[in-house]
Amino acid sequence: MLKCLKKELILSLAILMGLSACAKIPEVPLSPSVKIAVEKKGNDNIFAVDFTCGLKNENGSTAFTDIIGLIEIKNNTGITVLSVPFKSAAILPFETGIIQEKIELTADQAASLFDLLSIKKEQVESGEDQGNRFIEDQNVVVKNLNMKKTDIIELLRSKLK
């Protein structure tokens, strides 16, 4: 009986270890949004795009660390209108990591983003429109996501050393 229980325990641990190796990675950014402001740079106006979204770690025992990736905002025909490179130190199990990045664009570079979000450039320049918009989920894609997957127990042990 004890021998059978020992085998079941070993099998259960092997399954749990295997599940943490196959950790589910974030595929969909949560609540992606932008805020667009005009800033003076020399004699020119630039558009400062503050991009924000969340990436959820749905794993119970795996932490993501040293996260590097790219988020692309695409128009309805699939053409990329904005690429947002990002880095994050860690997203712990069941946590949503917040990605906040600032991208500076010229008027020409921002034109397709304005079109996608139905924003008039002149209204942003005059301050009439703050350029705050949520982006439809189908227009946002996570690309080139690289990270270390670390068992949360091992991560915590390494922090105590």
Side-chain angles (χ1 to χ4, degrees), residues 1-37 47-105 109-119 124 130-161:
M1 174 82 168
L2 188 59
K3 193 174 190 177
C4 184
L5 186 60
K6 185 176 178 182
K7 283 182 183 179
E8 287 180 17
L9 181 60
I10 291 171
L11 182 60
S12 296
L13 284 172
I15 290 171
L16 283 174
M17 296 296 279
L19 288 176
S20 68
C22 299
K24 182 178 178 186
I25 61 170
E27 296 176 356
V28 179
L30 304 175
S31 302
S33 66
V34 293
K35 179 179 180 183
I36 304 170
F47 294 93
V49 179
D50 290 312
F51 175 83
T52 305
C53 75
L55 291 178
K56 184 157 180 71
N57 181 349
E58 297 180 27
N59 301 288
S61 63
T62 303
F64 300 135
T65 58
D66 302 323
I67 305 159
I68 298 172
L70 179 73
I71 295 176
E72 290 183 344
I73 300 172
K74 297 180 177 277
N75 65 17
N76 294 328
T77 62
I79 296 171
T80 301
V81 297
L82 182 65
S83 293
V84 182
F86 68 90
K87 291 182 182 181
S88 181
I91 304 174
L92 299 177
F94 298 120
E95 179 180 82
T96 299
I98 304 301
I99 305 299
Q100 293 179 314
E101 296 294 333
K102 182 177 182 174
I103 308 292
E104 293 181 349
L105 303 173
Q109 293 170 325
S112 54
L113 182 62
F114 287 146
D115 289 342
L116 173 68
L117 301 173
S118 300
I119 297 174
V124 173
Q130 295 298 310
N132 295 339
R133 300 286 193 283
F134 281 100
I135 304 168
E136 296 294 327
D137 291 341
Q138 71 266 15
N139 295 102
V140 184
V141 180
V142 177
K143 296 269 194 167
N144 304 330
L145 189 58
N146 293 305
M147 63 186 83
K148 291 181 186 172
K149 299 173 190 172
T150 308
D151 180 76
I152 188 65
I153 303 296
E154 295 302 317
L155 180 65
L156 293 173
R157 280 186 186 143
S158 71
K159 298 295 180 187
L160 292 175
K161 292 180 182 179

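- Remark: Gln138 CD to Glu136 CD distance equals 5.0 Å, nearest 0.5 Å.
- Summarising the geometry, atom CE belonging to Met147 is positioned 10.5 Å from atom CG belonging to Asp66; distances are rounded to the nearest 0.5 Å.
- With sequence neighbours left out, Glu154 forms a side chain to side chain donor-acceptor pair (under 3.5 Å) with Arg157.
- The two residues Ile119 and Gly131 have their closest heavy-atom pair at CD1-CA, 4.1 Å.
- Under a 3.5 Å cut-off, the side chain of Asp50 and the backbone N or O of Gln100 do not form any donor-acceptor pair.
- Heavy-atom minimum distance, Ser83 versus Leu70: CB-CD1, 3.9 Å.
- No side-chain heavy atom of Ile25 sits less than 4.5 Å from a side-chain heavy atom of Val142.
- How far OG of Ser112 is from CG of Leu117: 9.5 Å, rounded to the nearest 0.5 Å.
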- Task: Apply side-chain contact (heavy atoms from CB on, under 4.5 Å) to Ile71 and Cys53, showing your working.
- Result: CA-CA 10 Å; Ile71 295 176; Cys53 75; 3.5 Å; yes

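- Summarising the geometry, atom CD1 belonging to Ile99 is positioned 9.5 Å from atom OG1 belonging to Thr52; distances are rounded to the nearest 0.5 Å.
- Between the Asn59 side chain and the Lys24 main chain, a donor and an acceptor come within less than 3.5 Å of each other.
- For the side chain to side chain donor-acceptor pair (under 3.5 Å) test, no residue two or more places apart in sequence or in another chain qualifies with Lys56.
- Contact between Ala63 and Leu92 at its shortest, heavy atoms only, is CB-CD2, 4.1 Å.
- Shortest non-hydrogen contact noted between Phe134 and Ser33 is CD2-CB, 3.8 Å.
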- Hey, mind stepping through Ile36 and Leu113 against side-chain contact (heavy atoms from CB on, under 4.5 Å) and telling me if it holds? CA-CA 10 Å; Ile36 304 170; Leu113 182 62; 4.1 Å; yes

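- Here the closest non-hydrogen pair linking Lys149 and Ala23 is NZ-O, 3.9 Å.
- The only option from Thr65, Ile67, Thr62, Thr96 that meets the side chain to side chain contact (heavy atoms under 4.5 Å, CB included) definition with Ile91 turns out to be Ile67.
- One finds the CD1 atom of Ile68 at 9.5 Å from the CZ atom of Phe86 (value rounded to the nearest 0.5 Å).
- Using a 4.5 Å heavy-atom threshold, the side chains of Ile152 and Leu156 count as touching.
- Ring centroid separation for the pair Phe114 and Phe47 comes in under the 6.0 Å cut-off.
- Partner of Ile73 under the side chain to side chain contact (heavy atoms under 4.5 Å, CB included) criterion, chosen from Leu116, Val49, Val141, Thr80: Leu116.
- When side chains are defined from C-beta on, Pro26 does not count as touching Asn57, because their heavy atoms never get closer than 4.5 Å.
- Contact annotation: the side chain of Pro85 approaches that of Ile103 to within less than 4.5 Å [non-hydrogen atoms, C-beta and beyond].
- Atom-to-atom distance recorded for Glu72:CD and Asn144:CG is 7.5 Å, nearest 0.5 angstrom.
- Checked against side chain to side chain donor-acceptor pair (under 3.5 Å), Asn132 has no partners two or more places apart in sequence or in another chain.
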